[in-house]
Number of protein chains: 2
Amino acid sequence: MAISTEEKIRDAAKRIFLEKGFGSTTTRDIAESADTNIALVNYYFHSKERLFQEIFQDSFAETFAPATRILNDDLPLEAKIYKFVDYMTDLLKKDPLLPVFVLSEMRGENTKMCEMASKMQEAGPNKFLQQLEREAEKGNIRRVDFDQVEVSLMSMVVFPFISMNVLKLKKQMSTEEFYRFVEERKKAIPEMILSYLRCREE
Amino acid sequence: MAISTEEKIRDAAKRIFLEKGFGSTTTRDIAESADTNIALVNYYFHSKERLFQEIFQDSFAETFAPATRILNDDLPLEAKIYKFVDYMTDLLKKDPLLPVFVLSEMRGENTKMCEMASKMQEAGPNKFLQQLEREAEKGNIRRVDFDQVEVSLMSMVVFPFISMNVLKLKKQMSTEEFYRFVEERKKAIPEMILSYLRCREE
DNA sequence: GCTATTTTTAAACATTTGATTAATCAACCG
DNA sequence: CGGTTGATTAATCAAATGTTTAAAAATAGC
């Protein structure tokens with residue numbers, strides 16, 4: 001059997017919501033793009049808002065769950081950092097609009113999306129920070145603010161995708177060149193993090 | 001004289017557009033928040049779209065012009081990096097929603113906002129890259145891909161603000177703690193960049 | 001003080017938009 | 001076949017939204 005109507009609608013909705021956000025997307029956009037009519041959108045998903053929440057939830061999980069998972073893996077520090085950058089870069093190459101979508105819907109302190117995100121994230125200890133602590137104990141790396149390191153790591157991987165179109169403008173890159181650029185970051189980012197952690201203090 | 005109606009509208013529009021984006025903002029939102037009526041919004045700005053374009057243009061310039069300016073300054077490398085992080089952090093502490101606003105309106109390859117942004121950015125040689133090249137020539141720093149360094153620098157400064165609400169959730173930070181966190185990055189970010197540029201190759 | 005201009009207001013207009021309805025069609029089951 | 005259920009369609013509704021209008025109020029110029 002081919003793809004179901006429900007899936008066609010969900011796929012179209014995801015594509016359009018990611019590109020235009022909740023407010024700039026109409027039910028008719030979605031219906032037309034899914035090659036059906038607006039009644040079916042509400043038939044399967046009750047309302048634009050509920051459909052959106054489903055897409056948002058998926059997108060949030062799709063973006064942050066793998067990141068958390070890898071950082072909690074049992075891997076040597078260096079291998080883990082490389083794996084993190086590698087995996088996240090590949091993920092975002094497939095879906096470059098994911099982070100800007102999720103984060104733009106989460107601006108504003110007390111939005112429904114923030115509340116939603118807070119409900120769906122597991123607490124648990126941060127094994128990556130613990131690992132860095134242990135490595136510092138063993139004298140393998142410098143003791144610095146590891147929260148800062150974690151945020152920097154995430155920043156360097158994700159931000160180029162969020163600012164993709166500005167970056168392409170400023171550096172006169174084509175889409176292919178942009179993808180080559182982030183591909184090269186798979187080496188550059190871990191090197192930067194590791195040199196910071198390993199080099200002698202000044 | 002007190003603040004003019006036109007300014008009241010512009011201020012309200014900026015605040016609401018930054019928080020909710022173009023699509024989720026209504027003319028009535030703006031009018032009410034500016035303590036006037038919708039007719040005046042169109043009286044002074046002709047249409048919601050034109051008002052938005054004015055706000056977007058300002059916001060784009062406000063975000064990227066200072067960054068470009070500082071990186072083109074005549075300053076020693078280390079001082080310049082510190083100044084860049086310092087200045088940009090202070091700027092974003094005042095207006096944390098600026099980058100997510102600009103970048104979320106610029107997703108989608110061929111949007112009007114992308115076109116707009118491309119028109120308003122000066123070309124000119126990238127003096128920061130030239131400076132890094134010269135320092136490498138002199139043997140003061142390693143020769144690495146300096147485009148990657150520049151993007152990483154920008155990423156580490158800007159991304160925490162874009163992901164502010166996720167960050168506050170994950171790290172259980174209050175607003176004050178978040179601001180303290182980015183304040184500490186004023187040291188951490190330059191240290192990371194410089195250690196990468198200066199440490200021996202492996 | 002009177003006129004001309006600008007600013008402000010309330011009301012209305014035409015579309016758009018999210019959602020619903022009632023009827024039709026298709027599929028499955030006994 | 002008959003009938004029940006689920007899927008689909010076209011039409012419609014009410015509310016929201018961007019914009020305009022025409023009149024009133026305020027301001028400026030002489």
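It should be emphasised that the depicted structure is a prediction, and the values quoted were computed from it without experimental measurement. Per chain, numbering begins at 1; letters A, B, ... match sequence-line order.
- The salt bridge (Lys or Arg N to Asp or Glu O under 4.0 Å) test with Glu62(B) is passed by exactly one of Lys94(B), Arg69(B), Lys14(B): Lys14(B).
- The shortest distance between side-chain heavy atoms of Phe128(B) and Leu77(B) falls below 4.5 Å.
- Remark: Ile38(B), Ala39(B) in residues 31-40 of chain B come within less than 4.0 Å of DNA chain D through at least one heavy atom.
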In dot-bracket form, how is DNA chain C paired, counting a Watson-Crick or G-U wobble pair only if both its distances are under 3.5 Å and using | for bases paired to another strand?
||||||||||||||||||||||||||||||

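- With rounding to the nearest 0.5 Å, the separation of CZ in Phe60(A) from CE in Met113(A) is 11.5 Å.
- Taking both residues in full, the closest heavy atoms of Tyr179(B) and Val182(B) are given as O-CG2, 3.2 Å, listed atom of the first, atom of the second, then distance.
- One side chain, Ser33(B) or Arg15(B), offers a donor N or O that lies under 3.5 Å from an acceptor on the other.
- Contact check of residues 10-24 of chain A against DNA chain D (heavy atom, cut-off under 4.0 Å) returns no residues at all.
- Under a 3.5 Å cut-off, the side chain of Lys83(B) and the backbone N or O of Ile70(B) do not form any donor-acceptor pair.
- Along DNA chain C, the stretch of nucleotides lying under 4.0 Å from any heavy atom of chain A spans, 5' to 3', dT17(C) to dT21(C).
- With hydrogens and angles left out, the side-chain atoms of Ser4(B) and Glu6(B) include no donor and acceptor closer than 3.5 Å.
- Contacts of residues 44-52 of chain A with DNA chain D (heavy atom under 4.0 Å): Tyr44(A).
- With hydrogens and angles ignored, the 3.5 Å screen pairs a side-chain donor or acceptor of Asn126(A) with a backbone N or O of Leu129(A).
- Taking the centre and axis of the six-membered ring of Phe178(B), the NZ or CZ atom of Lys93(B) falls outside the cone set by 45° and 6.0 Å.
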Worked verdict on Lys170(B) versus Glu150(A) for side-chain contact (heavy atoms from CB on, under 4.5 Å)
CA-CA 12 Å; Lys170(B) 294 235 172 198; Glu150(A) 192 183 21; over 6 Å; no

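- Rounded to whole Å, the distance from CZ on Arg28(A) to P on dC13(D) is 14 Å.
- Atom CD1 of residue Ile30(A) and atom CG of residue Leu40(A) lie 13.0 Å apart, to the nearest 0.5 angstrom.
- Counting only residues at least two apart or on different chains, the side-chain hydrogen bond (donor to acceptor under 3.5 Å, both in side chains) pairs with a member in residues 102-111 of chain B are Lys168(A)-Glu109(B).
- We find that Glu137(A) and Arg134(A) are not joined by a salt bridge, their nearest charged nitrogen and carboxylate oxygen being 4.0 Å or further apart.
- Taking the six-membered ring for Trp and the full ring otherwise, the centers of Phe17(A) and Phe52(A) sit less than 6.0 Å from each other.
- Under a 3.5 Å cut-off, the side chain of Asp29(B) and the backbone N or O of Thr26(B) do form a donor-acceptor pair.
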